[in-house]
Amino acid sequence: MFSFSPAHSLLRHFNFRYTDKKIPFLLILHSPLTSSPTEPCSPQNFDPINATDLIIKQHWSELKSLIGTATTPTQFLNFLFNSNVGSEALLRYFNWSERYYGVSHGLDLNFRLVSSLAIDKRYSDIRARMHSMVKTGLQSNAAIFHTISSSGNQHGMKSILVDMLVLAYVKNSKIQLAVEAFDCSDVYRYKLSVFSCNPLLSALVRDGMVNAVERIYKGMIRRRINPNLITFNTVINGFCKMGALQRAMDLIQDMKSWGFSPSVVTYNTLINGYCKNGESGRMFKADRIFRDMLAENVLPNVVTFNTLIDGYCKDENVGTALSLLDEMKRRELASNVVTYNCLIYGFCSEGDVEKSLGLLEEMKLLDIKPNLITYNGIIGGFCKKGLMEQAKGLLDEMVKTGLIPTIVTYNALLSGFCQLGKMDDALLMHDEISGKGVESIISTYNLLISGLCKTGDMKGVSKLLDVMDEKEVKANQMTYNILIDSLCVKGKPRKGMKLFNEMSEVGLKPSSSTYNALIAGFCGIGNLRTALNLKKRMEKNGNLANVITYNVLIKHMCGRGKHMDANRLLNQMLENGLVPNRDTYDIIRVEMLDKGFVPDIDGHLYNRALC
DNA sequence: GTAGGGTTAG
């Protein structure tokens, strides 16, 4: 490719010898030989052909000598640029020098390189360069856009570069900067493509920044960046995730006007939207979309059925969920691990662990491999019923199949022991898992602390709090609620108040449960005034009093013969739109009868006015 | 300029 004069070979030869001997820097500078092989580069003696050769052949140690110590890697890069060295060598040197010297050549040189790559149509190299530039995050969008706009590239090429910039931000999970670049590109009139806008939209949905989704979508339409089917599916998903189901449905019309028919993914997304975020009658609406889909001859797939099965299970309708599994079999549509996991969790939440076990066997027969989620579900089901031996048996089975239990698995088991009051077993298992290197999370500590509080082992609680300190696991709102509740139940609401005050000191906000525990505590020691003050305080701080708050106060008032006050609170509760529960009725039977409530055949009271 | 970007289980 290049021809070299003998002098060049000689130069390399000397370079080797001198660098091997590590000639001191000053000696090199004062060498009488003006063309000394290790003389640092200068614009005068810089030899682009030799430099290019060394770079292409990746003779980095020779290059290091050539750069010397008087020339900086960036100055050397400038020599390369000014000598019109080809883009291949420029890129190689650029990457090597940034890595080797740990320097960043700055924005201008980055874009000189990118422009050089653009001339040679080396687009994937530009993408990679843009990726590493964005990764360091040293440059602001304002600076980048200024540099791109003042580069010598054509406008179309600048658009391509900006498009790649947006995509690089998205791939580096710098979504806010990607949105900013999306906006900047409008100001500079650079045209982006769906290749960057679609990934941006999907990242926004993924990160829950759904409000930005609509703005970006509208921006695309206004700027004539033509959306495609995937754009619509992504935006529809965004609307579904934010619960704007009608707007999601409206987008179907938009997509049709752009010539796109809803695909199986579109329908699945909408069905999922209704299942997860629909209000009352959500499964009815989800089913209607499913029927629309069939009517439009769009074939449902395993995801469609899984979504519906999960929806029915969560809607406490496992019967319908099972009938859908049959429907899949009729359609010869293969179910998968997700199908079974949905059903297993459905049956476990109904307390029917036996049925879940049956499903696990069915999976094995169908050669569908159960995963961590499968086992966690059934183990959790057993633990909720206090069947710890069966739960541990499954734990052994999952380990045998090569699955590694996580803290979620162990939390289920620990919670089971705690509910049974078997704190020795719980603490023993906790020690065992710590020994295995499974890190406890805050919910682990919370469930153990709660168990210890219930058995009155406050020493054990304080030990655990010490462990949390040591492991730097911070207490959360739940931790405080458990401790405050425990103190209040024991008739020590003032100690509870101390913890309550500590919450704000450590930056935690109390919840309605925090206030309820304290209100019950002060009622318990006959201090109604403080209890009522706490109710005012909770409302002032934006925590609405709920049915439990009212029940506690009403019960206390009834117990002290203050039935009129109790009645006033009941009215306040109804005015605030709260629905009294059976506790409420049982507590103030007399007042309820006065209010026109009548007992049903079970002896419970119902509000005739509401019926 | 590319060829990735969209749906399901805890």
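Every chain is numbered from 1, with letters handed out A, B, ... down the list of sequences.
One finds a side-chain N or O of A/Asn272 lying less than 4.0 angstrom from the OP1 or OP2 phosphate oxygen of B/dT8. For A/Asn306 and B/dA9, the shortest distance from a side-chain N or O to OP1 or OP2 is not below 4.0 Å. Within the 4.0 Å cut-off from OP1 or OP2 of B/dG6, at least one side-chain nitrogen or oxygen of A/Ser202 is found.
Base contact: A/Leu372 has a heavy atom under 4.0 Å from a base atom. A/Val303 comes within 4.0 angstrom of a nucleotide base, judged by non-hydrogen atoms across all strands. Residue-level contact check: A/Ser193 touches the bases, meaning some heavy atom is under 4.0 Å from a base atom. Looking at heavy-atom distances under 4.0 Å, A/Met157 makes no contact with the nucleic acid at all. Using a 4.0 Å heavy-atom criterion, one finds that A/Asp310 contacts the sugar-phosphate atoms exclusively. If you check every strand for non-hydrogen atoms under 4.0 Å, A/Lys171 touches nothing. In this structure, A/Thr231 reaches neither bases nor backbone, as no heavy-atom distance under 4.0 Å exists between it and the strands shown.
Listed candidates were B/dA9, B/dT7, B/dG10. Nearest to the side chain of A/Lys276 is B/dA9. With B/dT7, B/dG5, B/dA9 as the candidates, the nucleotide lying closest to the side chain of A/Val338 is B/dA9. The listed nucleotides are B/dG6, B/dG10, B/dT8; the one nearest the side chain of A/Ile230 is B/dG6. Closest to the side chain of A/Asn371, from the set B/dT7, B/dG5, B/dA9, is B/dA9. Picking from B/dG6, B/dG1, B/dG10 the nucleotide with the shortest atom distance to the side chain of A/Tyr123 gives B/dG1. Side-chain proximity of A/Lys241 to the nucleotides B/dA9, B/dG6, B/dT8 is greatest for B/dT8. Side chain of A/Cys342, nearest nucleotide from B/dG4, B/dA9, B/dT7: B/dA9.
Counting to the nearest Å, the P atom of B/dT7 and the CZ atom of A/Phe305 are 20 Å from each other. Per the geometry, CG belonging to A/Asn268 stands 12 Å off P belonging to B/dA9, to the nearest Å. What separates CZ of A/Arg127 from C1' of B/dG4 is a distance of 10 Å, to the nearest Å. The distance from atom CZ of A/Arg206 to atom P of B/dG6 is 9 Å, rounded to the nearest whole Å. Between A/Leu229 atom CG and B/dG4 atom C1' the separation is 14 Å, expressed in whole Å. The NZ-P distance, from A/Lys384 to B/dG10, rounds to 12 Å in whole Å. What separates CE of A/Met328 from C1' of B/dT8 is a distance of 10 Å, to the nearest Å. For the pair A/Ile126 CD1 and B/dG1 P, the computed distance is 11 Å after rounding to whole Å.
For A/Met220, the CE atom is densely surrounded, since the number of other residues' heavy atoms within 6.0 Å is greater than 12. For A/Ile175, the CD1 atom sits in a packed shell: over 12 heavy atoms of surrounding residues, nucleotides or ligands are nearer than 6.0 Å. The 12-atom threshold is not exceeded at NZ of A/Lys474, counting heavy atoms of other residues, nucleotides or ligands nearer than 6.0 Å. Counting non-hydrogen atoms of other residues, nucleotides and ligands closer than 6.0 Å to CZ of A/Arg291 gives a total of 12 or fewer.
For the side-chain contact (heavy atoms from CB on, under 4.5 Å) test with A/Val205, the passing option among A/Leu200, A/Val235, A/Asn237 is A/Asn237; the others fail.
The aromatic rings of A/His155 and A/Tyr190 sit tilted relative to each other, their planes meeting at an angle between 30° and 60°.
Interface remark: the A/Asn198 side chain does not form any donor-acceptor pair with the B/dG6 base, using a distance-only criterion of under 3.5 Å. Scanning atom types as modelled, no donor and acceptor separated by under 3.5 angstrom connect the side chain of A/Ser196 and the base of B/dG5.
In the model, A/Ser323 has no side-chain atom that pairs as donor or acceptor with a side-chain atom of A/Thr320 under 3.5 Å.
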